[in-house]
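Structure record follows, encoded as structure tokens.
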Amino acid sequence: MLDLKETWKDRVASVINDLLKESGSSERVVPGGIVAELPPKPEMGDLGFPMFGYAKTLRRGPPQIAAAVAERLAPELRADGKPPPPDSGASVTAEGPYVNIRHDRGETSARILGRILDESRPVGRPGLDGRPGSSKQTGSGEIPNLRGIGGARIMVEFSSPNTNKPLHLGHLRNNILGESVSRILSARGAEVRRVCIINDRGIHICKSMLAYKEHGAGKTPESEGIKSDHFVGDWYVEFNRQLKNEAEILARDRGLKKEEAEAAAPCMARAQELLRSWEAGDAETTALWKKMNGWTIDGIKATYERTGISFDHYYFESETYLKGREEILKGLENGIFYRAPDGAVMVDLEEEKLDKKVLLRGDGTSIYITQDIGLAIYRNRDWPFDRLIYVVGSEQQYHFKALFAILKKLGFPRADNLYHLSYGMVNLPEGKMKSREGTVVDADDLLDELRDMALEEIREKDREEAVGDAGETAEKIALGALHYFLLSVSPSKDMQFNPRESLSFTGNTGPYLQYMGARISSMLRKAEADGTLAGTGGADAGGPAEFADAARTLTGGPEWELLKILAGYDEAVAFAAENIDPSVVAAYLYDLSRAFSRFYHDCPILQAESRELVAARLALSKAVLRVLKDALELINIPFLETM
């Protein structure tokens with residue numbers, strides 16, 4: 001009903017402007033500024049327009065304004081010999097300071113179902129209400145409001161793995177946020193480019209290289225039967241084990257603090273030497289670096305494929321880390337930055353309340369933020385974008401505030417259209433999951449355990465034969481459980497992931513949504529098999545009279561509440577895109593599933609009292625299924641025909 005809401009906002013704005021003009025005021029309102037609310041009780045109506053904001057200008061009480069507006073709106077619903085206007089059967093009443101609208105349920109039901117069941121028109125996409133938004137800059141990392149998304153070129157950076165170990169639980173939240181944001185923005189008409197920066201250089205990479213070089217004895221992932229990124233990760237664990245042993249000896253024998261002992265450990269010195277050899281282009285070191293990075297990247301890409309994560313382009317830190325230095329030196333030459341007494345290049349961000357920051361060390365080497373400065377500018381040359389979204393943990397908030405401020409000082413034309421999608425930590429209940437390093441849970445291990453738990457549930461319910469490939473179904477249930485849980489709250493919030501709870505088939509979980517889709521699919525298959533389904537779909541509001549008449553019978557409480565939620569899908573997807581928040585779609589899915597469950601319980605479908613009502617309720621079920629499938633796709637949850 002987004003189009004009806006906008007229609008009524010137009011009508012209310014027009015009447016209020018008439019009242020303003022008559023009062024002698026030069027003020028005017030625009031439809032976009034009209035507040036439309038859902039009344040707290042269904043019996044109060046379907047839309048409510050509060051009049052508080054106009055009392056001061058009109059010098060009248062809100063109830064008096066509401067009465068005047070309602071009185072003037074009523075004649076607009078009369079056709080007077082012309083084609084009836086939208087929602088012509090609605091009623092308008094003033095209730096205290098509110099103007100309340102009650103839609104014509106029969107007419108609106110036919111309209112909603114006609115649109116959703118029209119296969120030539122996608123659901124949840126722009127253009128259905130014919131109202132493009134106005135563009136608005138995000139303003140250097142402030143809360144976004146990405147109106148005017150259609151046609152915008154938006155780059156989304158996410159995942160950012162290191163090549164010394166496999167993906168972990170934190171990456172899973174990052175990945176699903178980046179993937180779902182990309183899908184939602186694409187659904188709203190943006191041209192989205194998913195990018196991943198692979199951190200493939202530095203001392204952390206050389207640690208796993210050193211351990212393998214000294215102890216690997218020619219072993220390979222294939223020879224050991226280990227997934228390739230886990231194979232490399234095991235050597236990183238081995239290095240840290242050796243470092244811990246050496247540091248403990250140094251701390252005991254020399255009385256060094258932990259940090260001092262680790263810095264002085266012989267294996268750390270050898271790792272630093274290996275890094276210098278790589279930077280110098282040593283052939284043997286480079287060959288080892290390429291081999292081990294290749295192993296890790298192959299393994300990480302396999303996890304991406306398993307979890308439905310995709311990228312349009314990969315950037316590699318080894319190819320881009322020097323690009324920022326030139327930009328910093330230009331800024332120094334132009335007086336934007338300054339040189340400290342020790343030779344370091346600095347930027348003063350005190351005006352932005354961010355203090356002073358080093359950009360180049362005294363020896364001329366880059367730091368992390370220098371690389372990001374160069375990479376942002378390079379990316380815009382590589383693929384000119386309108387907006388760039390960084391999906392990175394909340395611990396990097398200061399970093400991105402500084403990055404955006406520095407790019408603005410440099411005159412980067414897209415500095416105001418950069419946004420840090422900050423997300424909170426993901427923790428696990430103590431003792432619920434094993435960890436390879438004792439602190440970090442590997443993504444593959446978590447997925448395997450979830451899949452095995454789902455498979456156990458399928459076997460306990462004796463559903464192996466019914467679902468077909470039980471292993472494949474369990475994998476999809478595991479992904480649904482994980483992805484929904486990670487998206488079910490606002491990205492900024494920390495969360496505790498409980499694997500067993502996430503797999504529940506009841507409550508606010510991914511498997512509950514998947515089960516609802518399977519239940520509807522099963523019912524529609526039954527209806528199709530016995531011929532009941534014939535003639536219940538595909539018609540739009542101006543289609544076959546039989547369908548239109550049937551749809552108008554959907555006026556009962558559970559039916560109407562379900563229809564209103566269905567009609568809000570476009571608005572939910574638009575809001576999720578504008579606010580870069582996939583949890584909006586997740587919440588919508590849960591509301592839709594609960595509403596269908598109430599409808600299914602209270603309203604007989606295949607056993608309804610008339611053929612017309614059977615057809616209408618089957619059409620409503622088909623509409624729910626179409627929206628459910630689309631929304632699940634947006635947040636990367638596999639749809640299941642059978643569970």
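- Ile369 has its side chain within reach of Leu359: a pair of non-hydrogen atoms, C-beta onward, lies under 4.5 Å apart.
- When side chains are defined from C-beta on, Lys213 counts as touching Leu274, because their heavy atoms get closer than 4.5 Å.
- With respect to Glu633 and Arg183, a salt bridge is recorded, a charged nitrogen being found less than 4.0 Å from a carboxylate O.
- Applying the salt bridge (Lys or Arg N to Asp or Glu O under 4.0 Å) rule to Glu475 yields the partners Arg306; only residues at least two apart in sequence or on another chain are considered.
- In this structure, OG1 in Thr286 is found 8.0 Å from CH2 in Trp278, a value given to the nearest 0.5 Å.
- Cation-pi contact between Lys207 and Phe239: absent, since separation from the ring centre below 6.0 Å together with deviation from the ring axis within 45° is not met.
- No option in Tyr423, Tyr314, Phe311 other than Phe311 meets the ring pair (Phe, Tyr, Trp, His ring centres under 6.0 Å) test with Phe158.
- Side-chain contact between Ser310 and Glu179 is present, with at least one heavy-atom pair separated by less than 4.5 Å.
- Residue pairs meeting the ring pair (Phe, Tyr, Trp, His ring centres under 6.0 Å) criterion with at least one member in residues 347-371, sequence neighbours excluded: Tyr368-His399.
- Arg451 has a carboxylate O that lies under 4.0 Å from a charged side-chain N of Asp448, or vice versa, which qualifies the two as a salt bridge.
- Here the CD1-CD1 distance, from Ile580 to Ile389, works out to 3.5 Å after rounding to the nearest 0.5 Å.
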Donor-acceptor pairs are to be reported for all side-chain atoms of residues 476-484 against protein atoms at under 3.5 Å, with residues two or more places apart or in another chain.
{"from": "Lys476", "atom 1": "NZ", "to": "Glu472", "atom 2": "OE2", "distance (Å)": "3.3"}
{"from": "His483", "atom 1": "ND1", "to": "Asn636", "atom 2": "O", "distance (Å)": "2.7"}
{"from": "Tyr484", "atom 1": "OH", "to": "Asn508", "atom 2": "OD1", "distance (Å)": "2.3"}
{"from": "Tyr484", "atom 1": "OH", "to": "Ala586", "atom 2": "O", "distance (Å)": "3.4"}

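- Stacking of Arg193 on the aromatic ring of Phe385 is not recorded, the 6.0 Å distance cut-off and the 45° axial limit not both being met.
- Note that CG of Asp630 and CD1 of Ile635 are 11.0 Å apart. Values are rounded to the nearest 0.5 Å.
- In this structure, the side chains of Cys267 and Arg270 come closer than 4.5 Å at one or more pairs of heavy atoms.
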